[in-house]
Every structure is written in C-alpha cells, then in structure tokens.
Peer 1: 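Can you keep this structure in mind? I'll have questions shortly.
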Number of protein chains: 2
Amino acid sequence: MKGFKIPEATISRLSVYSRYLESLYRKGITTVSSADIAQGVGVTSAQVRKDLAYFGEFGTRGVGYNVKELLDHTLKILGLNNTWNMVVVGAGNLGSALCAYRGFRERGFYIVGVFDNDLTKIGKKINEYEVLPIDHLEEVVRENNVEIGIIAVPAAYAQDVATRLVKAGVKGILNFAPTVLNIPDKIIVRSVDLTVNLEVLTFNIRRD
Amino acid sequence: MKGFKIPEATISRLSVYSRYLESLYRKGITTVSSADIAQGVGVTSAQVRKDLAYFGEFGTRGVGYNVKELLDHTLKILGLNNTWNMVVVGAGNLGSALCAYRGFRERGFYIVGVFDNDLTKIGKKINEYEVLPIDHLEEVVRENNVEIGIIAVPAAYAQDVATRLVKAGVKGILNFAPTVLNIPDKIIVRSVDLTVNLEVLTFNIRRD
DNA sequence: GACTGTGAAGCCATTCACAGCT
DNA sequence: AGCTGTGAATGGCTTCACAGTC
C-alpha cells in the first residue's frame with residue numbers, strides 16, 4: 001500500500017499498538033497476530049492490518065508479526081527513534097503533574113525547562129526542575145533544540161504563550177488550556193480539553 | 001431534523017460552542033450567527049448549523065441565534081442543567097492537579113472524594129479534600145450519588161480501580177491511565193492519553 | 001440582504017471478504 | 001490450516017448549495 005492520506009485515527013491507534021507491543025516484548029513474546037493485537041487494545045483485526053498496511057508489509061502470511069520488528073517499525077513511524085525535548089509553560093498544579101509524569105520519559109520525551117510568570121513560583125523546584133521566568137523561554141528552546149511546547153496556563157494566557165512558543169521556534173504544541181489557539185498552520189497543535197471530555201461523558205450518560 | 005445518530009464529534013464541538021457562548025454572554029452580546037461561532041471556535045459555519053440541527057431549530061433565519069437561549073439549550077443537551085458529583089481515584093500529582101482545577105466547578109462538576117491506597121497519603125489534605133482510603137469508595141459513591149469516576153492511578157492499577165468504580169455504581173469514567181479498560185458496555189468511558197497525544201504530534205512534526 | 005435549516009454530494013474511515021503466501 | 005494484505009462495499013461525517021424565512 002504505502003499510500004499518502006493517512007487517517008489521524010490510525011496514528012493514535014499506532015501509538016497504542018506500539019505501547020502494547022512493548023508490553024509483549026517485555027514479557028518475552030516474540031510473535032503476534034493482528035487478532036492478538038486487536039484483542040489487546042480493543043479494536044478489530046482488520047483495523048490493525050489496515051493501519052499497519054499504510055506504512056508497509058511488516059507481517060508474514062500464515063504466521064503473524066515479529067514483535068520486536070513491528071515494535072521498532074511503529075516507534076520509527078511515530079518519530080520515536082530519537083528523543084524529543086519539551087518545555088512546559090505554567091508551573092501550577094497541572095504543570096507540576098506533567099513534570100512528575102514518568103510516562104513521558106519512558107517514551108523518549110524529556111522536559112528541559114518549566115516556566116512561569118508568577119514571581120512567587122520562579123526559583124522554586126518542581127521535581128528536579130527549577131521554575132524559570134518566562135523571559136528565558138526563547139533561550140532555552142534555542143539551546144536545547146526544543147520542538148514541543150506544553151501549555152499548562154489558565155485559558156486567558158494561553159494565546160500569548162502559544163504565540164511566544166511559536167516565535168521561539170517549537171514545531172508542535174500540546175495545549176491543556178480550554179481555548180482555541182490561533183497559530184500558523186505549519187505548527188502542529190493537539191488540545192487536551194478536560195471539560196469537553198467530561199461533557200461528552202455526561203451527554204452519553206444522560207441519554208442512556 | 002432531530003434524527004438519532006449523532007456523531008461523537010458533534011458532541012465535542014457542542015461543548016466548545018457552549019463555552020464560547022458563555023464568553024459571549026458574559027460580554028453582554030445577545031445575538032450571534034453561525035459564522036460568528038464558527039470563527040470563534042475554528043470550524044465552518046455549515047458545521048455549526050448542522051451540529052445544532054441535530055437537536056432542534058434554535059435560530060431565526062436572517063437574524064441568527066439568541067446567545068442566552070442557545071447557551072441554555074447547549075447546556076441542557078450536554079446534561080449540564082444540573083450538577084455532577086465525581087470521585088477522583090489516585091492522589092498523586094495528577095489527582096492533585098485535578099482537585100485544584102477550577103474549570104470543573106465552573107461547568108457544574110464537583111469532586112466529592114479523593115482516594116488512594118497509599119497509607120502515607122491517606123489523611124493528607126489536597127486543596128480542601130482529605131484523601132480517603134480506597135475502601136471508602138463504595139460508601140462515598142452511594143451517599144453522594146456520584147455518577148462519574150476519574151482514574152488517576154498508574155496503569156498497573158487502572159483496571160482494578162475501573163472494576164471497583166463500576167461495582168460502586170458510577171455511570172461514566174474519565175481515564176487518565178494509559179491502558180484500555182475492560183468494563184461493561186453500558187458504562188461510558190473516555191480516555192485521556194497524554195503520550196498518545198504527544199506521539200500524534202511527533203508523527204506530524206516529522207513528516208512535515 | 002442576511003442568515004438558518006437541510007437534502008444531496010463528496011469525502012473519509014471502517015468493515016468485509018477473499019486471494020495470496022507460508 | 002493459518003494469517004496477512006488489500007480491493008470493494010459499506011457506513012459515517014463534512015461540505016456544498018440553495019430554498020425558506022425574517
């Protein structure tokens with residue numbers, strides 16, 4: 001196959017497959033079928049095969065996939081064959097939680113700076129990170145080849161921070177503020193909106 | 001219209017429209033067009049009209065929508081005409097951040113209990129909440145009509161917590177652990193997976 | 001003239017079903 | 001016999017374009 005129009009949903013699932021393959025690999029399992037993966041992550045086997053087919057032919061008919069090989073392929077596809085440096089803007093509760101989150105490091109994501117504009121927070125330590133004044137943002141981004149910025153500030157400041165991150169040179173933004181960000185198309189944005197998620201939940205509960 | 005098969009994406013957008021309408025309402029704006037909303041939240045005006053049309057005819061041709069009226073309708077649709085009680089399981093960094101998050105209360109979501117199984121955390125205060133032992137979960141859920149459970153524990157414990165939340169009687173779960181949960185179909189689940197989001201970001205950055 | 005509500009068209013994603021390989 | 005890879009069919013969501021209303 002190796003076509004070009006790849007569904008966004010396929011990428012999300014690939015990330016989940018990848019994590020699942022890692023768990024199989026750690027258990028010492030060497031071969032896996034699309035049906036096994038499907039079962040493990042809650043999708044159909046046809047979906048798994050289709051998703052993988054966008055990127056090549058990784059399996060062997062009659063046998064399945066080699067776990068280690070497929071794991072390496074998925075990591076490569078997702079851009080995880082090298083590590084990524086990130087900055088976190090906002091040293092409140094959410095920013096602190098993100099700094100402490102182990103899952104990032106396990107997948108090759110490293111936080112290299114935490115910023116705030118609140119003078120009472122600057123200089124304080126969060127985990128191993130010292131909170132820096134926001135004016136140092138550009139410098140840290142440049143010196144550490146930071147490509148990802150995480151926005152963990154209140155909605156009112158999110159647009160300013162986004163503009164600033166873009167100017168500093170990040171290529172992607174993970175936004176936790178409940179606002180639509182206005183930034184150039186070439187910058188990739190993903191928003192994690194907690195109340196939207198809760199409200200989809202309440203809608204679905206109420207119609208039961 | 002008022003058909004039945006409503007896209008999940010429509011509900012997510014409705015939540016965003018609702019928040020945007022609230023901001024217009026606070027600014028004293030009384031009338032709004034689908035094009036205005038579209039512009040404000042980053043979608044097309046046809047999309048806005050289609051989304052709203054699933055639930056009724058709320059506008060006036062040639063004029064637009066009454067902000068307050070449409071806001072009330074969206075809130076009602078999302079199930080926000082009354083408040084919701086929630087429990088948080090996991091009093092680590094993420095659990096603490098969620099307890100401190102103001103955005104929940106603003107939309108009518110109230111946390112009525114925070115739980116952990118770590119004896120060193122039990123009894124400690126997080127914001128105004130005292131961390132309770134996990135054995136009290138069922139009791140608190142029952143006594144407070146809790147319908148939503150938030151899972152903020154490490155992946156390894158997530159399935160156990162989910163099973164326990166379901167047994168305690170919650171109707172929906174917001175899951176922050178990077179695992180697929182195995183629970184009955186009638187329980188609504190939304191997963192917020194941070195590394196999946198980051199990996200979709202890195203995929204898109206790398207292919208630029 | 002302005003803007004909504006909605007069938008129809010177009011596009012995208014998932015599922016089916018089977019040929020092809022081991 | 002078992003399992004992958006994929007064209008074809010299906011289903012779902014978004015965009016178009018315009019009739020209907022103010």
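We name chains A, B, ... by the order of the sequence lines, and we start the count at 1 in each one.
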Peer 1: Which nucleotide in the set D/dT14, C/dT22, C/dG5 lies at the smallest distance from any side-chain heavy atom of B/Glu57?
Peer 2: C/dG5
Peer 1: By the 4.0 Å heavy-atom rule, please label A/Ala35 as base, sugar-phosphate, or nothing.
Peer 2: nothing
Peer 1: Take atom CD in B/Glu138; do more than 12 heavy atoms of anything else shown fall under 6.0 Å from it?
Peer 2: yes
Peer 1: Using a strict 4.0 Å threshold on nitrogen-to-oxygen distance, state whether A/Lys76 and A/Asp72 make a salt bridge.
Peer 2: no
Peer 1: Taking atom types as modelled and ignoring hydrogens, do the side chains of B/Glu22 and B/Ser18 form a donor-acceptor contact shorter than 3.5 angstrom?
Peer 2: no
Peer 1: What's the CZ-C1' distance between A/Phe55 and D/dG5, to the nearest Å?
Peer 2: 15 Å
Peer 1: Any side-chain N or O of A/Gln47 less than 4.0 Å from the OP1 or OP2 oxygen of C/dA13?
Peer 2: no
Peer 1: In whole Å, I'd like the distance from the CG atom of B/Asp51 to the P atom of D/dG12.
Peer 2: 17 Å
Peer 1: Going by atom types only, do B/Ser34 and B/Arg49 share a side-chain donor-acceptor pair under 3.5 Å?
Peer 2: yes
Peer 1: Mark yes when over 12 heavy atoms from residues, nucleotides or ligands other than A/Gln159 sit less than 6.0 Å from its CD; otherwise mark no.
Peer 2: yes
Peer 1: What is the distance, rounded to the nearest whole Å, between atom CD1 of B/Ile11 and atom P of D/dG12?
Peer 2: 15 Å
Peer 1: Take atom CG of A/Leu14 and atom P of C/dA13, then tell me their distance rounded to the nearest Å.
Peer 2: 15 Å
Peer 1: Using atom NZ of A/Lys5 as one end and atom P of D/dT6 as the other, report the distance to the nearest whole Å.
Peer 2: 20 Å
Peer 1: Do any side-chain nitrogens or oxygens of A/Tyr65 fall under 4.0 Å of OP1 or OP2 in D/dG5?
Peer 2: yes
Peer 1: Nearest whole angstrom, please: distance from the C1' of C/dC3 to the CD of B/Gln39.
Peer 2: 16 Å
Peer 1: For nucleotides 16-21 of chain C, which of its nitrogen or oxygen atoms have a protein nitrogen or oxygen under 3.5 Å away, and what is each distance?
Peer 2:
unit_1 : atom_1 : unit_2  : atom_2 : d
C/dG20 : N3     : A/Arg61 : NH1    : 3.4

Peer 1: What I want to find out is whether B/Glu106 reaches B/Arg19 closely enough, with some N-O distance under 4.0 Å, to be called a salt bridge.
Peer 2: no
Peer 1: Taking CD from A/Glu8 and C1' from C/dC12, how many angstroms apart are they, rounded to a whole number?
Peer 2: 13 Å
Peer 1: Output yes when at least one side-chain N/O atom of B/Ser34 is less than 4.0 Å from OP1 or OP2 of C/dC3, else no.
Peer 2: no
Peer 1: Between P on D/dT6 and CG on A/Leu52, what's the gap in Å once rounded to a whole number?
Peer 2: 11 Å
Peer 1: Please confirm whether the shortest side-chain N or O distance from A/Ser33 to OP1 or OP2 of D/dC3 is below 4.0 Å.
Peer 2: no
Peer 1: Using a 6.0 Å cut-off, check whether atom CZ of A/Phe58 has over 12 heavy atoms from anything other than its own residue.
Peer 2: yes
Peer 1: From the list D/dT14, C/dT14, D/dT6, which nucleotide is the closest neighbour of the side chain of A/Ala53?
Peer 2: D/dT6
